[in-house]
Protein chains: 2
Amino acid sequence: MAEKRIRITRDQVLAAAIGLADTDGIEGLTMRKLGRAIGVEAMSLYHHVANKDRLLDAMTDLVFAEIDLPTDTDWRTCMRTRAYSVRAVMGRHPWALRLVGSRTSPGLATVAHHDAVLGVLRRDGFSVALAAHAFSVLDAFIYGFAVQEQSLPFDTEEPPTELAQEILSQFPTDQFPHLAEMTARYLEDNEYNYAQEFTYGLDLILDGLERALAVGGPTYTPERGARE
Amino acid sequence: MAEKRIRITRDQVLAAAIGLADTDGIEGLTMRKLGRAIGVEAMSLYHHVANKDRLLDAMTDLVFAEIDLPTDTDWRTCMRTRAYSVRAVMGRHPWALRLVGSRTSPGLATVAHHDAVLGVLRRDGFSVALAAHAFSVLDAFIYGFAVQEQSLPFDTEEPPTELAQEILSQFPTDQFPHLAEMTARYLEDNEYNYAQEFTYGLDLILDGLERALAVGGPTYTPERGARE
DNA sequence: CTTGTAAACTTACGTTGTAAGAGTCTGACT
DNA sequence: AGTCAGACTCTTACAACGTAAGTTTACAAG
């Protein structure tokens, strides 16, 4: 009768939690389901995780650890690959986007990641202030874009389908002429996909930063911010 | 014995829901508490709102209606005041930020707002494609910044306090040198507040758009995007 | 006064996170 | 080999949640 009891580890719990959130969404992640997924009762999880909130914190940190950040090239390509990596990771774990917004205490991988980003900028001649500026704009844009993209009713990688058209044209055309004009243009252009807006915005910001860097200069490092 | 029954309206429900979310946070908003707040049983709310999800949708739309969007000036100041207004509104209703990310079907005020933004851009010479670009970058940045700002552990309007210092220096200085350097700089500069990063990023983006607009020109309107 | 209907209330169910405590396995030390 | 402590799992239980189903109330029209 003595059914061998299963022993689990913290890493197992986290991995299973992420997997469950990936397939069922974050609202589908319950302690009981998570326990069942690894063959254990819900309460057993609490020996590896303080509570559900801490579990979510740990999951968020693991997601950050997935982000690719090369440090062996110039800052611009570093930031670029990071941006694309963030977007890819958030695509894999859509729930993580909403978590990042609600967690207040960052994990170790998160902090390490941010430190590395700053490190690249500083190394390539950004003053402390300009590095702060750069980090702010880039992060805000990348994060904001990912959220925006996810709340769209269609797949952003593919050109718009008939289905998308139906969804998009559900609001009255004459009442919102500019929106109508824009969606019409989207639909007629088969090459268009929303994802290219990411590239556009990112390059716009990187251009701006490059200009700001040129003004401050890589050798002359002002004590205070590049502006004012 | 006949305690007079209270009659409520949909608007009352929504207003109370927003008030409750403002004070208790979105997770503190429950149907029972909401009912109690307006002197009614929880189930009575369902005569004015289909379910909690719809309630949240309606709340989100009301928040969008609060955003100030002047249309009687040039696009740049329009976008600027809009940006500041979004930030202010999201400061008043922190929960709305997370809702926007999870709602997929926008309300009427939301759609109208977006249409008005596009209208301003088109009026001032943006091609359809460039207007789409502008809208994407700006919205992503504004939204992303607001989220970023909220997940920071300190008040972004005030210069850093002792408390903030304690929080910020909780991670090992030697392990994350660049982060340490940056927070050190923050703390020594009494004028600094994180809010100015919003201005910096916004201006950087607006500058970029202005340049793109100048290239395309207000008269010559290319069929396809300004880039490629 | 009757009666129809909109809107309130009551009760109930399944699901959630997790507190409390009891049971069981394992590995270290005699 | 024996045992004992500590780490881990399981059982039971509870309060709070969203909401389905059905009942009661009160006002407005005839």
Side-chain angles (χ1 to χ4, degrees), chain A residues 1-62 95-96 98-99 101-105, chain B residues 1-61 95-96 98-99 102-105:
Chain A
M1 295 304 90
E3 291 248 353
K4 195 80 171 217
R5 279 193 178 182
I6 295 176
R7 304 290 286 247
I8 60 177
T9 66
R10 181 167 212 267
D11 290 348
Q12 243 179 89
V13 173
L14 296 182
I18 289 178
L20 207 60
D22 285 347
T23 63
D24 292 14
I26 195 67
E27 66 285 346
L29 171 65
T30 74
M31 298 305 270
R32 287 173 231 254
K33 268 207 250 179
L34 178 54
R36 206 175 311 134
I38 46 185
V40 117
E41 294 301 316
M43 286 311 290
S44 304
L45 300 169
Y46 286 86
H47 272 265
H48 302 94
V49 157
N51 53 38
K52 194 178 182 181
D53 244 43
R54 298 293 205 171
L55 170 66
L56 296 177
D57 280 341
M59 289 167 67
T60 311
D61 204 45
L62 269 183
W95 45 269
R98 270 179 283 162
L99 282 194
S102 55
R103 309 286 100 194
T104 51
S105 55
Chain B
M1 294 305 89
E3 290 248 352
K4 195 78 172 223
R5 278 192 179 184
I6 295 175
R7 305 289 285 245
I8 59 177
T9 67
R10 182 167 210 266
D11 290 349
Q12 243 179 87
V13 173
L14 295 181
I18 288 178
L20 206 62
D22 285 347
T23 63
D24 292 13
I26 194 68
E27 67 284 347
L29 172 65
T30 74
M31 297 307 269
R32 287 174 231 256
K33 268 206 251 180
L34 178 53
R36 205 175 312 133
I38 45 184
V40 119
E41 293 303 314
M43 286 312 290
S44 304
L45 300 170
Y46 286 86
H47 273 267
H48 302 93
V49 158
N51 54 37
K52 194 179 182 181
D53 245 42
R54 298 294 205 166
L55 171 66
L56 295 177
D57 280 341
M59 289 167 67
T60 311
D61 204 46
W95 46 269
R98 268 179 284 162
L99 283 194
S102 55
R103 309 285 101 194
T104 50
S105 56

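In what follows, every heavy atom counts, from backbone to side chain, and hydrogens, waters and symmetry copies are set aside.
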- Message: Is there a side-chain contact between A/S44 and the phosphate of D/dC8, meaning an N or O under 4.0 Å from OP1 or OP2?
- Response: no

Quick one: [X] [atom1] to [N] [atom2], roughly how many Å, whole number?
X	N	atom1	atom2	answer
B/E41	D/dC17	CD	P	13 Å
A/R7	C/dG27	CZ	P	8 Å
A/M43	C/dA22	CE	P	15 Å
B/I6	D/dA26	CD1	C1'	14 Å
B/E27	D/dA16	CD	P	16 Å
B/D24	D/dC17	CG	P	11 Å

Measuring from atom [atom1] of [X] to atom [atom2] of [Y], what distance do you get when rounded to the nearest 0.5 angstrom?
X	Y	atom1	atom2	value
A/E41	A/R5	CD	CZ	10.0 Å
B/H47	B/R7	NE2	CZ	10.5 Å
A/T60	A/R98	OG1	CZ	12.0 Å
B/S102	B/L56	OG	CG	7.5 Å

Closest approach of [X] and [Y], non-hydrogen atoms and distance?
X	Y	answer
B/A58	B/L14	CB-CD2, 3.7 Å
A/T9	A/H48	C-CD2, 4.1 Å
B/I18	B/W95	CG2-CZ2, 3.8 Å
A/L20	A/G28	CD2-O, 4.3 Å

- Applying salt bridge (Lys or Arg N to Asp or Glu O under 4.0 Å), which residue pairs with at least one partner in residues 17-34 of chain B are found, sequence neighbours left out? B/D24-B/K33

- Item | Of residues 46-53 of chain B, the positions that come close to DNA chain D - non-hydrogen atoms, cut-off under 4.0 Å | B/Y46, B/N51, B/K52

- Task: With sequence neighbours left out, write down each residue that passes side-chain contact (heavy atoms from CB on, under 4.5 Å) with B/L45, or none if nothing qualifies.
- Result: B/I8, B/V13, B/M31, B/L34, B/I38, B/V40

- Message: If the helix axis at each end comes from five base pairs, how far does the helix from C/dC1-D/dG30 to C/dT30-D/dA1 deviate from straight, to 10°?
- Response: 10°

- Within residues 29-36 of chain A, residues whose heavy atoms come under 4.0 Å of DNA chain C: A/L29, A/T30, A/M31, A/R32

- Query: Under the salt bridge (Lys or Arg N to Asp or Glu O under 4.0 Å) test, which residues partner A/R103, sequence neighbours left out?
  - Reply: A/D53, A/D57

- Of the nucleotides C/dT18, D/dT9, D/dA26, which one has an atom closest to the side chain of B/R5? D/dA26

